[in-house]
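Inspection log for the structure reproduced underneath, given as structure tokens.
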Amino acid sequence: MKYYLETNSLRSLNRELNLLSNNCFTSGLSIFELISDITKSEKEFNIRKSVISNVLKSKIEINWDSQKTIKAKAFKGIKFKDSEMEGLKELTFNLIECNNPTDFLELTKKKIQSKFLQKIR
């Protein structure tokens, strides 16, 4: 049996996540909750970035399926392409590259602008 680590569990067990990778998993929703409000303060940025970084380093399984995808999978024959979680994955990996909330916002803004320009060309 694997145990689901929601956002509070990830934060509380941040330093032990590498010991839990065989018995636990988390979801894109937990990652989303960690990223939301990440620019609130430098302290929150550092805490949340540390948790996300440790989740990735620990190799804890992350179920990146959105709630919409999970619902669609429950009913065979429903075709559904989930683009939300691809953006979330990109934000997650962008975050790891950044040292502060301002860097994160700037990198995210540049990547969004770049993708927009690619689409209109």
Side-chain angles (χ1 to χ4, degrees):
M1 177 195 281
K2 282 196 167 191
Y3 299 95
Y4 176 70
L5 298 177
E6 45 76 47
T7 310
N8 291 323
S9 300
L10 292 173
R11 284 183 71 137
S12 297
L13 298 168
N14 185 25
R15 291 191 173 99
E16 289 84 31
L17 291 174
N18 61 326
L19 304 173
L20 303 172
S21 61
N22 293 330
N23 302 320
C24 298
F25 73 101
T26 194
S27 68
L29 179 59
S30 291
I31 302 298
F32 175 78
E33 288 176 347
L34 287 164
I35 289 177
S36 65
D37 276 344
I38 199 162
T39 59
K40 188 177 185 176
S41 70
E42 191 85 27
K43 179 181 176 185
E44 274 303 305
F45 176 87
N46 290 327
I47 291 168
R48 292 167 186 245
K49 178 183 174 183
S50 171
V51 174
I52 291 171
S53 180
N54 287 337
V55 167
L56 296 174
K57 286 178 192 171
S58 71
K59 306 274 192 235
I60 286 177
E61 177 187 344
I62 302 171
N63 180 344
W64 289 104
D65 288 345
S66 71
Q67 292 174 340
K68 293 175 190 174
T69 298
I70 292 167
K71 288 175 187 175
K73 286 180 178 179
F75 300 96
K76 301 218 185 293
I78 294 178
K79 304 252 187 221
F80 179 75
K81 184 174 186 226
D82 189 357
S83 58
E84 295 171 355
M85 297 315 261
E86 289 305 314
L88 178 61
K89 284 183 199 178
E90 188 172 339
L91 281 175
T92 301
F93 293 106
N94 288 350
L95 172 65
I96 302 306
E97 297 176 30
C98 299
N99 296 318
N100 58 58
T102 304
D103 289 351
F104 179 60
L105 288 172
E106 287 299 315
L107 179 60
T108 302
K109 182 179 172 182
K110 284 179 189 174
K111 294 213 175 186
I112 289 170
Q113 288 173 341
S114 173
K115 283 187 177 200
F116 177 74
L117 289 174
Q118 288 174 358
K119 285 186 178 188
I120 62 171
R121 288 185 184 161

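Atom set for the values below is all heavy atoms of this structure, side chains included, hydrogens, waters and symmetry mates excluded.
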Would you give me the side-chain donor-acceptor pairs under 3.5 Å for residues 95-102, sequence neighbours excluded?
{"from": "N100", "atom 1": "OD1", "to": "T102", "atom 2": "N", "distance (Å)": "3.1"}
{"from": "N100", "atom 1": "OD1", "to": "D103", "atom 2": "N", "distance (Å)": "2.7"}
{"from": "N100", "atom 1": "ND2", "to": "D103", "atom 2": "OD2", "distance (Å)": "3.4"}

> Under a 4.5 Å side-chain heavy-atom rule over Ile, Leu, Val, Met, Phe, Trp and Tyr, are I35 and L105 clustered together?
Replying inline: no
>> Could you see if F93 belongs to whatever hydrophobic cluster contains I52? Use Ile, Leu, Val, Met, Phe, Trp, Tyr and a side-chain cutoff under 4.5 Å.
In response: yes
>> Taking salt bridge (charged side-chain N to carboxylate O under 4.0 Å, His left out) as the cut-off, I'd like each qualifying pair that reaches into residues 12-39, sequence neighbours left out, listed once.
In response: none
>> I need the full list of salt bridge (charged side-chain N to carboxylate O under 4.0 Å, His left out) pairs touching residues 83-95, with sequence neighbours left out, sorted by first then second residue.
In response: K68-E84, E86-K89, E90-K115
>> Taking side chain to side chain donor-acceptor pair (under 3.5 Å) as the definition, give me every residue that meets it alongside E106, ordered by chain and number, with sequence neighbours left out.
In response: none
>> List the residues meeting side chain to side chain donor-acceptor pair (under 3.5 Å) with N54, not counting sequence neighbours, and say none if there are none.
In response: N14
Student check: side-chain heavy atoms of [X] and [Y] closer than 4.5 Å:
X	Y	result
L17	L5	yes
L56	I62	yes
Y3	L20	no
L91	K111	no

Just by modelled atom types, is the [Y] backbone N or O under 3.5 Å from a matching donor or acceptor in the [X] side chain?
X	Y	answer
S50	N46	no
R48	S36	yes
S114	K110	no

> Can you name the closest pair of heavy atoms from K2 and N22 and give their distance?
Replying inline: CE-O, 3.6 Å
>> Ignoring hydrogens, what is the shortest heavy-atom contact between L10 and S30? Give both atom names and the distance.
In response: CD1-CB, 3.8 Å
Inter-residue atom distance [X].[atom1] - [Y].[atom2], 0.5 Å rounding:
X	Y	atom1	atom2	result
S21	K59	OG	NZ	9.5 Å
M85	D65	CE	CG	7.5 Å
T39	E44	OG1	CD	10.5 Å
N94	L107	CG	CG	4.5 Å

>> Heavy-atom count check: over 12 atoms from other residues, nucleotides or ligands less than 6.0 Å from E6 CD?
In response: yes
>> Show every ring pair (Phe, Tyr, Trp, His ring centres under 6.0 Å) that has at least one partner inside residues 17-60, sequence neighbours left out.
In response: Y4-F25
